Amino acid sequence: MNKKTVEAIIAPPPPHMVGDGFRVHNFFPNSRLIDKKRMSPFFLLDYNSKVEFTPSKIPRGVGVHPHRGFETVTIAYHGSVAHHDSAGNSGVIGEGDVQWMTAAAGLLHKEYHEREFSRKGGLFQMVQLWVNLPAKYKMTPPKYQEISHDTMGKYDLPNGKGVVEVIAGEYKNPDGSGQAVKGPASTFTPMYVYNARLKKDADLEINFPENFNTGILVVEGSATVNDRKVSTDHFVLFKNDGESIQIKTGEDAVLLVLSGEPIDEPIAQYGPFLMNTWQELEQAIDDVNAGKFGVLED
Ligand code: MN
């Protein structure tokens with residue numbers, strides 16, 4: 001297998017607040033290197049690097065807002081968030097858990113620090129991904145998948161060197177050892193989403209198809225990825241020129257690994273709407289104003 005070339009190692013851009021609860025580095029789609037299509041089907045990556053929130057009686061977060069045309073995937077590393085949407089779904093995720101919300105035809109959403117976490121304060125670290133949907137699924141009914149840590153597929157590295165937690169897609173060691181491990185998320189297009197939790201001196205190989213857009217966010221520790229040293233909070237973007245990724249660690253590390261088949265369709269985005277045309281964006285705004293996204297109390 002040919003190695004995928006590392007195209008760039010991207011330092012965390014200056015953070016901004018989303019509501020008052022999320023202090024995020026936006027790695028894409030607004031970076032110089034990664035435009036709206038470069039990581040498709042992943043459209044957006046907001047990373048709340050590890051930060052300490054002081055105790056607060058009123059949970060911090062983001063109030064009611066609409067979404068249409070895509071999925072929001074929230075991955076918790078530290079802290080806890082509560083989710084409610086106008087499709088009637090709600091849930092709380094904590095360390096190691098994931099919530100996978102399909103907005104599709106549209107819903108109203110709010111996301112806050114979980115009440116008890118808020119009251120005590122503490123370390124908070126999260127990722128939110130926006131996963132695009134192909135045109136034919138953009139107007140399908142909303143759905144919600146809560147993916148708790150214990151339901152993830154787990155591939156144990158030999159000699160206790162760590163674990164690959166499979167959230168979406170599957171993992172099988174290219175050397176043929178071990179079983180293929182599948183993730184619980186149901187997705188609309190082919191993709192792989194893993195948390196690789198590696199111990200010092202781990203050695204992990206992963207293969208993804210050449211045409212799949214692929215990146216790795218180092219959320220803890222550091223690693224050598226296809227011979228390039230990558231530090232905490234940095235994002236590795238790969239060229240579409242090979243299959244193989246080799247990861248080695250000199251310390252404990254946690255890596256979010258993303259790879260997916262590009263959706264080759266036009267993109268029109270306005271705020272929380274991700275469609276194919278401007279006309280569809282205008283329709284989305286009209287539909288929100290007409291109350292067609294349902295009701296959600298603030
Ligand atoms: Mn949202």
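Positions are given from 1 along the sequence. Just so you know, these numbers come straight off a predicted model, no measurement behind them. Just so you know, ligand 1 is whichever comes first in the structure, and atom 1 is the first atom listed for that ligand.
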### Task
Give the name of the N/O/S atom in Glu111 that lies closest to the Mn ion (ligand 1).
OE2
#### Entry: Angle subtended at the Mn ion (ligand 1) by NE2 of His67 and NE2 of His65, nearest 10°
90°
### Query
Just wondering, are more than 12 heavy atoms of other shown residues or ligands nearer than 6.0 Å to CE in Met1?
no
### Query
Which heavy atom in Gln179 sits nearest to a heavy atom in Tyr155, and how many Å separate them?
O-CD1, 4.0 Å
#### Entry: Salt bridge present between Lys138 and Glu265 (N-O < 4.0 angstrom)
no
#### Entry: Proximal heteroatom of His109 relative to the Mn ion (ligand 1) (N/O/S)
ND1
### Query
Taking everything shown except Glu52 itself, do over 12 heavy atoms lie less than 6.0 Å from its CD?
yes
